[in-house]
Amino acid sequence: GGSAAMIFATSNAIIVSIFPVGKRGAVMGLTSGAVYLGITLGPVLGGYITAWFSWREVFLLPLPFLCSALWLASDKLVLEPHVPSDAPFDWAGLFFFVCTLSLALFGASRFYEPVGWFAFMLSAASFVNFVKTESVKEKPLVNVGLFTSNRVFGMACLSMVLAYSSSFSVSFLLSFYLQYIAGYSPDTAGLMLVVTAACMVVVT
């Protein structure tokens, strides 16, 4: 989970630092296509592995691909030299950011319990403090002013949140419905989940 978070947070920054302006749109499209290709193959391969072996083997399958990607990145990827910054690290912003996400996820996992709603309220309070903290800092962890001053940027981020939230949540819940309610085997359920993700691959 930590490794995935690091990749999600830096993939576009890596693309911007490597490719010229004229190629960034195409590369970002390919990156999005690769994400949805993973979403397409994930349920199918995961379903067959779970049906034939065990769900534990799902975590072993990516290892050869990860090792290949690590080798290619270390051998071919040339990033811009790191420029040291004199700005102090925003520990307060990091604290409220982590609290906001952690409490929101905990609340979502306890949605039907009072403690879940209490966690949601704490998450909302932490988010308000996060915005206040970042608004007054000269060099914040997240420049919250970008979301209000640049309308195109703000709407693009909002559309990405809605798109990924809908696609990931639907596929996640649908996999349980197909297996435990509809009674399909894991491999059959995986094949049924391909349709939406495959369309996303083609569009991106």
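The residues of the chain are indexed from 1 along the displayed sequence.
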I'd like a table of donor-acceptor pairs (distance under 3.5 Å, sequence neighbours excluded) in which one partner is a side-chain atom from residues 56-73, with atom names and distances.
unit_1, atom_1, unit_2, atom_2, d
Arg56, NH1, Ser54, OG, 3.4
Glu57, OE1, Ser54, N, 3.3
Ser68, OG, Pro64, O, 2.9

Quiz item: Excluding sequence neighbours, so at least two apart, what forms salt bridge (Lys or Arg N to Asp or Glu O under 4.0 Å) with Lys137?
Solution: Asp90
Quiz prompt | Those residues that, when tested against Phe97, pass ring pair (Phe, Tyr, Trp, His ring centres under 6.0 Å) (two or more places apart) | solution = Phe130
Practice problem: Please check if Phe106 and Phe111 belong to a single hydrophobic cluster, counting links between Ile, Leu, Val, Met, Phe, Trp and Tyr side chain heavy atoms closer than 4.5 Å. | Solution: no
Report, one line per pair, each donor and acceptor closer than 3.5 Å where one atom sits in a side chain of residues 145-153; sequence neighbours left out.
unit_1, atom_1, unit_2, atom_2, d
Thr148, OG1, Gly145, O, 3.1
Ser149, OG, Gly145, O, 2.8
Asn150, OD1, Val152, N, 3.3
Asn150, OD1, Phe153, N, 3.1

Quiz item: Residues in ring pair (Phe, Tyr, Trp, His ring centres under 6.0 Å) with Tyr48, at least two apart?
Solution: Trp52
Practice problem: Determine, using the 4.5 Å side-chain heavy-atom cutoff (strictly less than), whether Val98 and Val144 are members of one ILVMFWY cluster. | Solution: yes
Quiz prompt | Path from Val16 to Phe19 over hydrophobic side-chain contacts below 4.5 Å | solution = yes
Exercise. Could you tell me which residues satisfy side-chain hydrogen bond (donor to acceptor under 3.5 Å, both in side chains) with Thr133, sequence neighbours excluded, listed by chain and number?
Key: none
Practice problem: Return the set of residues passing ring pair (Phe, Tyr, Trp, His ring centres under 6.0 Å) with Trp91 (not counting sequence neighbours), or none when no residue passes. | Solution: Phe89
Self-check item: Straight-line distance of Leu174 CG to Ile181 CD1, nearest 0.5 Å
Solution: 11.5 Å
Quiz prompt | Side-chain donor/acceptor of Ser159 to backbone N/O of Ala156, under 3.5 Å | solution = yes
Quiz prompt | Rounded distance (nearest 0.5 Å) linking atom CG of Leu162 with atom SG of Cys157 | solution = 11.0 Å
Quiz item: In Å and rounded to the nearest 0.5 Å, what is the CG to NZ distance from Leu30 to Lys23?
Solution: 12.0 Å
Exercise. Mind checking side chain to side chain contact (heavy atoms under 4.5 Å, CB included) for Thr31 and listing every partner two or more places apart, or none if nothing turns up?
Key: Ile15, Val27
Quiz item: When clusters are formed by joining ILVMFWY residues with side-chain heavy atoms under 4.5 Å apart, either directly or through shared neighbours, do Leu101 and Phe95 land in the same one?
Solution: yes
Quiz item: Which residue pairs pass the side chain to side chain donor-acceptor pair (under 3.5 Å) test with at least one member in residues 172-185, sequence neighbours excluded?
Solution: Ser185-Asp187, Ser185-Thr188
Exercise. Say whether, by atom type as modelled, one donor and one acceptor occur between the side chain of Glu134 and the main chain of Val142 under 3.5 angstrom.
Key: yes
Quiz prompt | Sequence neighbours excluded, every pair satisfying side chain to side chain donor-acceptor pair (under 3.5 Å) that has a member inside residues 98-109 | solution = Thr100-Ser126
Quiz prompt | Over all atoms of both residues, closest heavy-atom pair of Gly46 and Thr50 | solution = O-OG1, 2.7 Å
Quiz item: If you group Ile, Leu, Val, Met, Phe, Trp and Tyr by side-chain heavy-atom gaps below 4.5 Å, do Val128 and Leu122 land in one group?
Solution: no
Practice problem: Tell me, please, which residues at least two apart from Phe120 pass ring pair (Phe, Tyr, Trp, His ring centres under 6.0 Å). | Solution: Trp117
Quiz prompt | Residues which pass side chain to side chain contact (heavy atoms under 4.5 Å, CB included) with Val21, listed by chain and number, not counting sequence neighbours | solution = Arg24
